[in-house]
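What you see is a predicted model, and the numbers here were worked out from it, not measured in a lab. If you read the sequence from its start, that first residue is 1, and numbering goes on from there.
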Amino acid sequence: VCSAEPVASRSAGHASWAAAGSLGAVSEHLLSRALFLINMADSHGDTGTTMPEAAAQEASVFSMTDVVLFSLIVGLITYWFLFRKKKEEVPEFTKIQAPTSSSVKESSFVEKMKKTGRNIVVFYGSQTGTAEEFANRLSKDAHRYGMRGMAADPEEYDLADLSSLPEINNALAVFCMATYGEGDPTDNAQDFYDWLQETDVDLSGVKYAVFGLGNKTYEHFNAMGKYVDQRLEQLGAQRIFELGMGDDDANLEEDFITWREQFWPAVCEHFGVEATGEESSIRQYELVLHTDIDVAKVYQGEMGRLKSYENQKPPFDAKNPFLATVTTNRKLNQGTERHLMHLELDISDSKIRYESGDHVAVYPANDSALVNQLGEILGADLDVVMSLNNLDGEAWLRHPFPWPHFLPARPSPYYLDITNPPAHQRCFYELAQYAADPR
């Protein structure tokens, strides 16, 4: 009986072997019983006991054993014909075709440069957006020298493709690399940093320049910019202009402008090109007005989800901030122009857990009275619904903020600071691009 359990779980071939083995064992047992009875008959004959009497003594034992064995045989035969497993067929799976190159996100920046006629690529390692902004400005500068540039996030491309850059005439790679924390790369430059550490690729023929963004108050000042500059040279690339190092503790913008003003003449000298004399327009967006749109679908300062300020839902992050109430606000120092404030925020019911080292963002809004006054001075209708569309069709950021939107100054603006002058001189040049009066 014990052999029946594994028989049921084996294939047809194994079941056949088990049944045959069992039948053989039963036949052998019956033969032994017959010989035993014959011997018993001879023994009883010698003692005067008749054969029927001997058979009667053994009948009960013989009959019970035979019944059990016979039942086992019948059971095995029945199982073999009715319940045996059929040979399992191996299913045929359709071969999965590898995706074609057209369905895979293009990871070769060199191929993209070839297709779009560009010869300067500016990679940025940016954590807060400053390095990305510098990269965009450098890529737009190229137009003034008869060249075409593109800003690129190293996280989106295979940087091993750098070795193919010399295939493009007068090609140049520029790196605007910020240092994050204690000498670490920014999140989007981590893979690039790891690749530089591990690779031994030959970058002979690659021309490059590096501008680093750092802060001298940190021990490892501009560590990422210094490393990229040094490592590219070790791999055989040619530096065409000295490493620039911006200091955010002083004036990062001025450091960048000073470096840039010397960088472009060096590029012209190296490639034998001259400035075209044309100031490239840095106008980046076009204004679109919406006249027939549901006001309920218009953003009014939200960073991401529509109506997120009216109906707050976790999880909260930079795109979905929790509007915490200020419960305590007092000045700690007296008699100076500098304000050192002590603030306490109520984050109950937000599921936010504050840990040492966390940052709190101040999300200001303009005074509504000042907003209305500005609208009167400019003669602007603050109820106009508009959107700004990026003029660069290849730019990843299609709109500077969620759209459609009321004019950025209305009604409780979070996008436009109307109480302070532009932070950088370049902002005046950008504003001039939108001015109708040439004066």
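Residues in residues 228-257 take part in these ring-ring contact (aromatic ring centres under 6.0 Å, His included) pairs, two or more places apart or across chains: Phe134-Phe256, Phe211-Phe256, Phe241-Trp259.
Side-chain atoms of Asp194 and Gln190 form a donor-acceptor pair, as typed in the model, at a separation below 3.5 Å.
For the pair Met113 and Asn119, the tightest heavy-atom approach, listed with the atom from each and the gap, is CE-C, 3.5 Å. Contact detail for Ile168 and Val110: the closest heavy-atom pair is CD1-O, 3.9 Å. Residues Ala369 and Asp367 share a closest heavy-atom pair of N-OD1, 2.7 Å.
A distance-only check finds no donor-acceptor pair linking the side chain of Ser163 to the backbone of Asp202 [under 3.5 Å]. Remark: side-chain polar atoms of Asn320 are paired, donor with acceptor, to backbone N or O of Pro315 under 3.5 angstrom. In this structure a side-chain-to-backbone donor-acceptor pair under 3.5 Å is missing from Arg118 to Arg148.
You'll find the side chain of Val267 stays beyond 4.5 Å of the side chain of Lys207, heavy atoms only. Side-chain contact between Leu343 and Thr328: absent, with no pair of heavy atoms (C-beta onward) separated by less than 4.5 Å. For the pair Lys226/Met245, a side-chain contact is recorded, criterion being any heavy-atom separation below 4.5 Å from C-beta on.
In summary, the aromatic rings of Phe271 and Tyr145 are positioned with their centroids too far apart to meet the 6.0 Å limit.
Taking the six-membered ring where tryptophan is involved, the planes of Phe109 and Tyr157 are perpendicular, since the angle between them exceeds 60° and thus also 30°. Ring pair Phe175/Tyr208 is perpendicular by interplanar angle, where above 60° counts as perpendicular and below 30° as parallel.
Classification of Glu111 and Lys115 as a salt-bridged pair fails, no side-chain N sitting under 4.0 Å from a carboxylate O.
The CG atom of Asn188 lies 6.5 Å from the OG atom of Ser126; values are rounded to the nearest 0.5 Å.
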Where do Ser108 and Asp161 land on the side chain to side chain donor-acceptor pair (under 3.5 Å) test, with the steps shown first? CA-CA 6 Å; Ser108 172; Asp161 214 27; 2.5 Å; yes
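Every residue meeting the side-chain hydrogen bond (donor to acceptor under 3.5 Å, both in side chains) condition with Lys114, not counting sequence neighbours, appears here in chain and number order: Glu167.
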